[in-house]
Amino acid sequence: MLDEEDLGPADEKLLNMLKEGRVTAPFVADETGYSLQYVRDRLGRLVEHGNARKVYEGLYELIEDPREEETHNV
């Protein structure tokens, strides 16, 4: 799992969108202005670290928000 300090501005936007529901990379790219490849890379990183999962080809959902993990450790 990623820690909050590992997150950049793009990760923050992605996590906010994932909290609202499932997303696709093209949708996130359109909504944020980031390039499609960059969004795919960031989503892949979230999946790799167990914070999100690929539900179907190109469709992602949130598993655990690393920003909320900090409150559990305090």
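This one's a predicted model, so the numbers in the text were calculated from it and none came from an experiment.
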Practice task
Could you give me the CA-CA distance, side-chain angles and deciding distance for R67 and N16, then say whether side-chain contact (heavy atoms from CB on, under 4.5 Å) is met?
Solution key: CA-CA 10 Å; R67 300 171 297 182; N16 288 340; 2.7 Å; yes
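- Residues satisfying the side chain to side chain contact (heavy atoms under 4.5 Å, CB included) criterion with D41, sequence neighbours excluded, are Q37.
- Nearest heavy atoms, P26 versus L36: N-CD1, 3.5 Å.
- Here the rule is side chain to side chain contact (heavy atoms under 4.5 Å, CB included) with L18, and of L46, I63, D65 only L46 fits it.
- For the atom pair CG (L2) and CG (L7), the distance works out to 6.0 Å, reported to the nearest 0.5 Å.
- Within the 4.5 Å cutoff, the side chain of H49 has no heavy atoms near those of the D6 side chain.
- One finds no salt bridge joining K13 and E31 here, because no Lys/Arg side-chain nitrogen approaches an Asp/Glu carboxylate oxygen to under 4.0 Å.
- When all heavy atoms are compared, the tightest approach of M1 to N51 is SD-ND2, 3.3 Å.
- Taking all atoms of both residues into account, the shortest heavy-atom contact from K54 to V47 is N-CG2, 4.2 Å.
- Atom CD of residue E57 and atom OG1 of residue T24 lie 11.5 Å apart, to the nearest 0.5 angstrom.
- For F27, the ring pair (Phe, Tyr, Trp, His ring centres under 6.0 Å) criterion is met by no residue, not counting sequence neighbours.
- Partners of A10 under the side chain to side chain contact (heavy atoms under 4.5 Å, CB included) rule, at least two apart in sequence or in another chain, are Y34, Y38, R42.
- A salt bridge links E61 to R22: one of the charged nitrogens lies within less than 4.0 Å of a carboxylate oxygen.
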